[in-house]
2 protein chains.
Amino acid sequence: MFSQTIIRIYPKCTVNLKFLLSPINPADVNTIEGVYPSKPTHTSNLAASGLGSKDEPVFVGGNEGLAQVVEVGEGVKGLKKDDWVVMDRPQLGTWSTSRNVPFNSVIKLPATGLTEAHGATMTVNPTTAYNMLDGFVKLQAGDWVIQNGANSAVGQLVLQIAKERGLNTLNFVRSRDDSSLRSLVEHLESLGATKVLTYDDLNDKSLRGKVKEWTGGKDIRLALNCVGGEPTTSMAKLLGQDAHLVSYGAMSKKPLSLPTSLHIFKNLTSHGFWQTNWSKTHSRTEKEELISKLAGMMKEGKIQAPRHQIITIGAQESDKEATEKIRDVFHRMAEGKFSQKVLLKLEGPDV
Amino acid sequence: MFSQTIIRIYPKCTVNLKFLLSPINPADVNTIEGVYPSKPTHTSNLAASGLGSKDEPVFVGGNEGLAQVVEVGEGVKGLKKDDWVVMDRPQLGTWSTSRNVPFNSVIKLPATGLTEAHGATMTVNPTTAYNMLDGFVKLQAGDWVIQNGANSAVGQLVLQIAKERGLNTLNFVRSRDDSSLRSLVEHLESLGATKVLTYDDLNDKSLRGKVKEWTGGKDIRLALNCVGGEPTTSMAKLLGQDAHLVSYGAMSKKPLSLPTSLHIFKNLTSHGFWQTNWSKTHSRTEKEELISKLAGMMKEGKIQAPRHQIITIGAQESDKEATEKIRDVFHRMAEGKFSQKVLLKLEGPDV
């Protein structure tokens with residue numbers, strides 16, 4: 001028996017990461033399917049496994065995740081061993097046990113006060129919610145924001161961040177049986193929703209009057225949409241002069257249809273929002289500031305971690321077992337059997 | 001018999017105008033019907049006719065028109081007798097023989113080189129065309145703009161102003177029989193259209209490839225829409241990344257329906273444009289500059305006067321005759337029997 005010392009040499013300006021928790025977001029599945037505008041990117045630095053070599057690059061999924069710094073290479077600034085980091089670039093392949101990446105492709109989180117689930121789910125949904133509230137209309141405390149899909153991951157973040165900023169939210173959700181609806185409304189109100197209504201309420205002729213009463217007649221100038229179709233048209237009609245409708249999803253799979261008169265005579269502007277695009281068009285400093293703000297709100301309990309379920313792939317599981325487990329997760333997601341966010345915990349060998 | 005001198009005293013800072021030519025625009029008819037967001041405004045300074053007194057205000061139609069200064073009151077700056085002016089404010093009631101207005105509610109035109117038809121039709125359609133090309137996307141010479149309703153009054157101005165600015169236009173019109181289409185295409189090309197296609201061409205699968213060839217693969221970033229409905233959806237799909245769709249009409253009476261993915265993944269922004277709103281939100285200096293630019297292009301023959309028909313109401317016609325003539329014009333307009341712009345010439349008594 002020999003006493004063996006392994007000397008690891010990390011490339012200059014890179015950090016070696018161990019992933020703690022990595023979400024499977026629906027967009028990740030669409031990326032694998034090739035139907036999402038973010039196309040799979042291949043990697044060739046998984047040499048340790050024999051896969052992903054220069055000759056045989058592979059695609060590693062996962063856009064979002066929380067990792068811990070294991071080792072820093074020469075020239076790395078601002079990061080040290082054990083720091084928690086999130087990804088600064090899309091499609092870094094977070095469904096990994098460990099990974100070596102340029103140090104400026106990750107952003108450091110505050111040392112304490114965050115849960116793993118907070119950190120792992122920070123760069124897609126909370127950033128989307130924050131940027132939609134921030135990037136289109138200059139809002140003051142007391143202003144109103146209207147949104148549909150208020151029960152979606154982003155929707156829940158929108159109403160929490162809005163509350164923190166002193167904004168009121170008018171939230172629409174799908175109708176459901178009385179007791180489920182009551183418990184959903186209570187949940188959203190506990191997170192900070194000002195008003196919660198159903199899409200059916202949009203057909204009620206008295207709604208406009210009620211909204212006017214709630215807002216004190218103040219024009220609503222921002223609407224956030226992840227649904228599309230008819231209910232979104234009705235929601236847009238509740239907006240005032242010079243308003244902005246921002247779409248970040250189309251859960252109904254129906255197009256966004258708006259009377260042209262809203263554009264012409266009420267000066268409504270209709271935009272889209274995609275965090276991946278925001279990320280490409282904003283500086284590292286802007287991204288660090290955003291992550292710092294969101295982490296602060298999370299630490300202070302102003303943003304709750306999403307309801308989630310952790311799926312662990314143990315270090316001792318065979319490739320076959322792991323593959324079967326992951327396939328099963330994908331199948332259940334496709335069947336809509338997860339109502340919570342799915343977070344992967346990929347246990348690697350101790351490093 | 002006495003020799004009589006009439007002394008006219010005009011209120012301070014007003015000018016007395018004689019109208020030379022005043023269009024009947026479709027929006028004027030909608031205003032009278034009460035279905036347009038510009039509501040009829042009543043006037044009480046038609047005292048000479050016995051109508052429009054303080055006790056019995058009347059609504060005088062007409063939003064646009066060319067007038068000549070007859071007399072200037074005390075304190076008027078920058079205007080003198082015989083100057084040609086256009087209206088700086090909406091709904092001044094241009095279907096008049098004469099009118100006394102605050103001097104800062106009109107804008108002076110260049111002394112020479114414009115026809116009456118140019119002047120009379122300057123403040124609605126050419127301003128709309130100019131501002132849509134100017135206000136949403138920073139375009140460089142060589143860039144492409146796409147539009148439907150290219151044969152509309154605004155559409156024809158868009159392609160003329162675009163040409164003057166070195167922009168290329170891809171123009172869509174309704175399909176019609178071969179020889180009418182050929183003559184329309186020739187007309188639009190003579191005005192400066194780069195390419196003219198029909199809405200039917202939008203169904204042609206090879207169109208995208210052709211457009212790519214024409215533009216040299218350059219993204220089209222501005223589309224102007226006065227049609228709505230399905231052809232507009234198809235047109236929007238020809239746009240590149242970060243494009244803007246500006247709607248100023250809805251001739252199809254169908255809503256504007258867009259796949260949400262265009263907003264989210266291609267960052268398409270959909271706006272409306274209404275010159276009345278532009279006018280309310282821009283300074284007098286900006287308006288004067290715009291009118292000066294447009295008048296310059298008209299003088300140089302770069303913007304043609306619209307095809308038009310002048311309807312004269314003679315000074316000697318009785319109220320009954322005049323009313324019947326005007327009613328007939330309205331009926332024929334409603335039946336779509338004017339393919340040209342209708343310009344009213346209201347002859348008053350000599351002043």
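Each chain gets a letter, A, B and so on, in the order its sequence line appears, and its residues count up from 1.
- At a 4.5 Å heavy-atom cutoff, the contact between A/Leu256 and chain B is made by backbone and side-chain atoms alike.
- With rounding to the nearest 0.5 angstrom, the OG1 atom of A/Thr281 is 8.5 Å from the CG atom of B/Asp242.
- The greatest number of non-hydrogen atom pairs below 4.5 Å with chain A, out of B/Thr233, B/Asn225, B/Thr232, B/Thr269, is found for B/Thr269.
- For A/Arg174, the CZ atom sits in a loose shell: 12 or fewer heavy atoms of surrounding residues, nucleotides or ligands are nearer than 6.0 Å.
- Of the atoms belonging to A/Lys254, it is backbone heavy atoms, and not side-chain ones, that fall under 4.5 Å from chain B.
- Applying the 6.0 Å contact sphere to NZ of A/Lys39 captures more than 12 heavy atoms from other residues, nucleotides or ligands.
- Within residues 243-251 of chain A, the residues having any heavy atom under 4.5 Å from a heavy atom of chain B are, by residue number, A/Ser247, A/Tyr248, A/Gly249, A/Ala250.
- Options B/Thr260, B/Leu262, B/Ile264 differ in how many heavy-atom pairs under 4.5 Å they form with chain A, and the most are formed by B/Ile264.
- Looking at A/Phe273, only its backbone comes within 4.5 Å of chain B, counting heavy atoms on both sides.
- B/Ser261 OG to A/Trp274 CH2: the interatomic distance, rounded to the nearest 0.5 Å, is 11.0 Å.
- By number of non-hydrogen pairs under 4.5 angstrom with chain B, the leading residue of A/Gly272, A/Gly228, A/Pro259, A/Pro255 is A/Gly272.
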